[in-house]
Amino acid sequence: MDHPLGEDTANLSDEQLDEKIVLLTKKFFQTRNPAAKSQINILLDMYKLERHTRLEKKRLNGSNSDLDKLINIE
């Protein structure tokens, strides 16, 4: 689910992604407009999903390399 005003999340660094999540969370709680909250929530979901996907990839890649070090086939 992409939002027309959202950036391409693949081009953002992890720090930029976290900054956007923090900024949008602040804006979400500052506004009283339900329509604006809905749009901000869509953007937040998009950025959080990207962050979760990146963390899962790092976790899966990291766990495989640990197992490779434990198994010695010689």
Side-chain angles (χ1 to χ4, degrees):
M1 163 176 47
D2 289 333
H3 193 277
L5 298 178
E7 294 181 47
D8 185 17
T9 55
N11 296 333
L12 297 173
S13 69
D14 291 342
E15 293 80 24
Q16 289 172 324
L17 198 59
D18 289 337
E19 287 174 11
K20 289 207 176 281
I21 291 171
V22 169
L23 179 68
L24 286 171
T25 302
K26 286 180 184 178
K27 289 183 179 184
F28 179 83
F29 287 110
Q30 288 175 346
T31 187
R32 294 180 182 217
N33 184 341
K37 280 190 171 199
S38 175
Q39 294 299 311
I40 292 170
N41 201 26
I42 292 170
L43 285 167
L44 272 171
D45 287 343
M46 183 178 73
Y47 291 127
K48 286 179 181 179
L49 180 63
E50 177 66 24
R51 182 176 60 180
H52 178 73
T53 303
R54 288 182 187 186
L55 290 173
E56 279 297 310
K57 284 182 184 177
K58 286 180 185 177
R59 186 184 67 82
L60 291 175
N61 290 337
S63 65
N64 290 339
S65 65
D66 290 341
L67 289 177
D68 291 340
K69 294 176 186 175
L70 292 175
I71 301 171
N72 187 7
I73 305 174
E74 288 183 12

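Starting from 1, each residue takes its place in the sequence as its number. Atoms considered below: every heavy atom in the structure, side chains included; atoms not considered: hydrogens, waters and symmetry mates.
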Evaluation steps, side-chain contact (heavy atoms from CB on, under 4.5 Å), between Gln39 and Ile42
CA-CA 5 Å; Gln39 294 299 311; Ile42 292 170; 4.2 Å; yes
What verdict does the side-chain contact (heavy atoms from CB on, under 4.5 Å) test give for Glu50 and Leu12, after you've listed the backbone C-alpha separation in whole Å, the side-chain angles of each residue and the deciding distance to 0.1 Å?
CA-CA 10 Å; Glu50 177 66 24; Leu12 297 173; over 6 Å; no
Interatomic distance, OG1@Thr25 vs NZ@Lys20, rounded to 0.5 Å, equals 12.5 Å
* Under the side-chain contact (heavy atoms from CB on, under 4.5 Å) rule, what do Val22 and Glu19 come out as? Steps first, then yes or no, please. => CA-CA 5 Å; Val22 169; Glu19 287 174 11; 5.8 Å; no
Looking only at heavy atoms, the pair that brings Leu24 and Ile40 closest together is O-CG2, 3.5 Å
* Within a strict 4.5 Å, meaning less than it, do heavy atoms of the His52 and Leu55 side chains meet? -> no
Rounded to the nearest 0.5 Å, the CG atom of Leu17 sits from the CD atom of Glu15 at a distance of 9.5 Å
Test Asp45 against Leu49 for side-chain contact (heavy atoms from CB on, under 4.5 Å), laying out the working first.
-> CA-CA 6 Å; Asp45 287 343; Leu49 180 63; over 6 Å; no
Task: Phe29 with Leu44, same ILVMFWY side-chain cluster at under 4.5 Å - done: yes
Closest non-hydrogen contact found for Thr31 with Lys37 is O-CE, 3.0 Å
